[in-house]
Amino acid sequence: MPFRLLIPLGLLCALLPLHHGAPGPDGTAPDPAHYRERVKAMFYHAYDSYLENAFPYDELRPLTCDGHDTWGSFSLTLIDALDTLLILGNVSEFQRVVEVLQDNVDFDIDVNASVFETNIRDPNFMEVSFIRLSTLVVGGLLSAHLLSKKAGVEVEAGWPCSGPLLRMAEEAARKLLPGIGTFIVEFATLSSLTGDPVFEDVARVALMRLWESRSDIGLVGNHIDVLTGKWVAQDSGIGAGVDSYFEYLVKGAILLQDKKLMAMFLEYNKAIRNYTRFDDWYLWVQMYKGTVSMPVFQSLEAYWPGLQSLIGDIDNAMRTFLNYYTVWKQFGGLPEFYNIPQGYTVEKREGYPLRPELIESAMYLYRATGDPTLLELGRDAVESIEKISKVECGFATIKDLRDHKLDNRMESFFLAETVKYLYLLFDPANFIHNNGSTFDAVITPYGECILGAGGYIFNTEAHPIDPAALHCCRRLKEEQWEVEDLMREFYSLKRNRSRFQKKTMSSGPWQPPTGPGTFSSPENQDQAREKQPAKQKIPLLSCPSQPFTSKLALLGQVFLDSS
């Protein structure tokens, strides 16, 4: 019997209305203003509880009203919550926390960081310190650094190319360099702001090594031994172990305007559809054979519809989202593992640690479609989290969705991701959703640049990065010389006019220095960088053309050229 016939069709149809625009239980669509205030109250209940009972520890233990360190004693919850404060409009608290972090957080300590390569979480879903520190600490500090001026922080001369939070991010990143990982969003941003290419180069090495390690049918496993290059776990899917890899191929392509990263993802996407997709669910298969190994849905996989929306695959994204939403409505949350044929939880994986992934997808898809069904998920999330998880000191992890037993932990991503995505879902006018109608012009030591025009790229911990910032801090000597040459030519009305026009027309966005169908490794990037053509200078108030086959739209999607 084909696998698709084993899926309980009644479960798929009974729990959700077929019409996307169906109203809520009371006959009306959720009121965004009402739920926006509810979400804000959720944030402050959790945030104030952390400050009163857990700071300076990493996390709050909400059942015992105390704190504990998880992976380094860096006050992770405070770092994670920083940009959420600004998104909620709390400028004064953002400013205070920036000062607290500068005075109290020290990265000059040894961290016993277990390196699980591309894993965000290990098989027991405990946070892996190395990856967590990269995406949370480095990403959180970079985001806060780039948002500082908007929050009214007095920035130093040279910002955004310098600043205390940037220096903290660089210090933390240098500690993490020996471990490598696919942190292209954080490390490419850091390289652009500091002028040191080593961070982006290391991240590109990791991306290319995984690309080279895919199977003959185009799949990757979920755990690789970096010393031997052998796949330790050969289950292939879209969830734990590879989720950030796929996510960063797409987001890295958008952030860096890198057509090869997008081409890599689209190639993976074909294999994923061919071997792991069944009736808009995604299963786990053996990476070399393509045979089903685990017919389960993991809650971490719920980021996938949001990622699909970024490449313009809205119809498939909505169908998959609705499947995942049925699971939420069945339990009031997403269990860590869900057996698709049986339509129920998997033993010892019945918990819900308040993860953000389904809410994240709802936010992306709502920006793309305006479908009120997505607001209904937001409403359900607020109601169920408050009803099941809220305690006197914050919000507790749900240990078992079957009987709603709680566990004594509130992970920092609740404030960084879950609450943030919920708020952004209900706040269409937030500055994060800026469509380019407003912006800030800033003067740097390298010229004038535009910031805050929108198009923010969220890292895997939901810390927004302003893509325009990557163009503010050009430090390569050849670029500085080019600016001087152009200025001389501009003020010389007659001299070398034809050479100036030829130079302007022949320049263009960065292209990887490789032949068709190949991917360069960072070992030869330094030499290639010296030979590549000068980058085109972007005039004020204009946007760079995007050289790859996907175009970023104003509603949070990337549409294919053919659409």
Side-chain angles (χ1 to χ4, degrees), residues 30-55 59-60 62 75-101 136 139-153 165 354-356 359-360 362-364 366-367 374-375 377-379 381-383 385-386 389-390 393-395 410-435 438 440 451-452 454 456-459 461-466 556:
D31 176 19
H34 169 77
Y35 281 98
R36 188 163 60 242
E37 293 306 309
R38 293 270 297 274
V39 174
K40 186 179 291 188
M42 288 172 60
F43 173 85
Y44 285 113
H45 178 65
Y47 181 75
D48 292 343
S49 295
Y50 168 77
L51 291 181
E52 294 169 5
N53 300 285
F55 178 78
E59 291 181 355
L60 169 70
S75 302
L76 293 185
T77 294
L78 201 61
I79 296 175
D80 240 358
L82 184 51
D83 49 42
T84 308
L85 285 166
L86 185 58
I87 287 173
L88 267 60
N90 195 334
V91 171
S92 60
E93 182 65 2
F94 182 100
Q95 296 172 356
R96 187 189 74 83
V97 172
V98 166
E99 294 182 2
V100 169
L101 292 176
L136 188 162
L141 290 172
L142 285 174
S143 177
H145 165 72
L146 293 174
L147 293 172
S148 290
K149 191 170 185 179
K150 187 174 190 65
V153 175
L165 294 179
L354 309 181
R355 293 197 190 280
I359 301 165
E360 173 187 2
M363 189 274 291
Y364 277 114
Y366 187 67
R367 296 297 301 164
L374 300 154
L375 293 182
L377 177 277
R379 173 203 64 204
V382 171
E383 299 292 350
I385 290 174
E386 284 195 336
S389 179
K390 187 175 182 180
C393 295
F395 292 85
M410 187 184 80
E411 298 197 50
S412 64
F413 60 68
F414 178 67
L415 293 177
E417 302 182 67
T418 307
V419 171
K420 181 184 295 169
Y421 285 131
L422 270 174
Y423 191 80
L424 289 173
L425 174 62
F426 290 117
D427 189 21
N430 197 277
F431 75 88
I432 288 291
H433 300 316
N434 186 4
N435 62 6
T438 62
D440 297 313
L451 291 174
Y456 291 92
I457 304 296
F458 288 99
N459 84 337
E461 296 279 342
H463 297 303
I465 300 295
D466 188 342

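We count residues from 1, following the sequence as given. Below, each value reflects all heavy atoms present in this structure, side chains not excepted, and no hydrogens, waters or symmetry copies.
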Open item on the list: Keeping Q95 on the side-chain end and A151 on the backbone end, is there a donor-acceptor pair under 3.5 Å?
Closed with: yes
- [ ] Return the orientation label for the F395 and F414 ring planes: parallel under 30°, perpendicular over 60°, tilted otherwise.
- [x] tilted
Open item on the list: In the structure I gave you, are the side-chain heavy atoms of E417 and E411 within less than 4.5 Å of one another anywhere?
Closed with: no
- [ ] Could you check D80, L60, T77 and say which one makes a side-chain contact (heavy atoms from CB on, under 4.5 Å) with L415?
- [x] T77
Open item on the list: Distance check, rounded to the nearest 0.5 Å: E461 atom CD versus D83 atom CG?
Closed with: 10.5 Å
Task: K420 side-chain N/O to I87 backbone N/O, donor-acceptor pair under 3.5 Å - done: no
Open item on the list: So M410 and E59, do their side chains get closer than 4.5 Å, heavy atoms only?
Closed with: no
Open item on the list: Looking at H463 and L82, would you say the former's side chain and the latter's main chain have a donor-acceptor pair under 3.5 Å?
Closed with: no
- [ ] Would you mind reporting whether L86 and F431 have side-chain heavy atoms less than 4.5 Å apart?
- [x] yes
Open item on the list: With heavy-atom distances below 4.5 Å as the criterion, would you say the side chains of T418 and I385 are in contact?
Closed with: yes
Task: Backbone of G452 reached by a side-chain donor or acceptor of D466 within 3.5 Å - done: yes
- [ ] Measure the shortest side-chain to side-chain distance between L141 and S143 over non-hydrogen atoms and say whether it is less than 4.5 angstrom.
- [x] no
TODO: Applying side chain to side chain donor-acceptor pair (under 3.5 Å), name anything that partners D427, two or more places apart in sequence or on another chain.
DONE: N430
TODO: If the plane angle is over 60° it's perpendicular, under 30° parallel, otherwise tilted; pick one for Y364 and Y421.
DONE: tilted
Task: Mutual orientation of the aromatic rings belonging to Y47 and Y44 [parallel < 30°, tilted 30-60°, perpendicular > 60°] - done: perpendicular
Task: Salt-bridge contact R96-E93 (side-chain N to carboxylate O under 4.0 Å) - done: yes
- [ ] Going by the side-chain contact (heavy atoms from CB on, under 4.5 Å) test, name the single residue among L422, V382, L354 that passes it with I359.
- [x] L422
Open item on the list: Run the side chain to side chain donor-acceptor pair (under 3.5 Å) test against R36 and tell me which residues pass, sequence neighbours left out.
Closed with: none
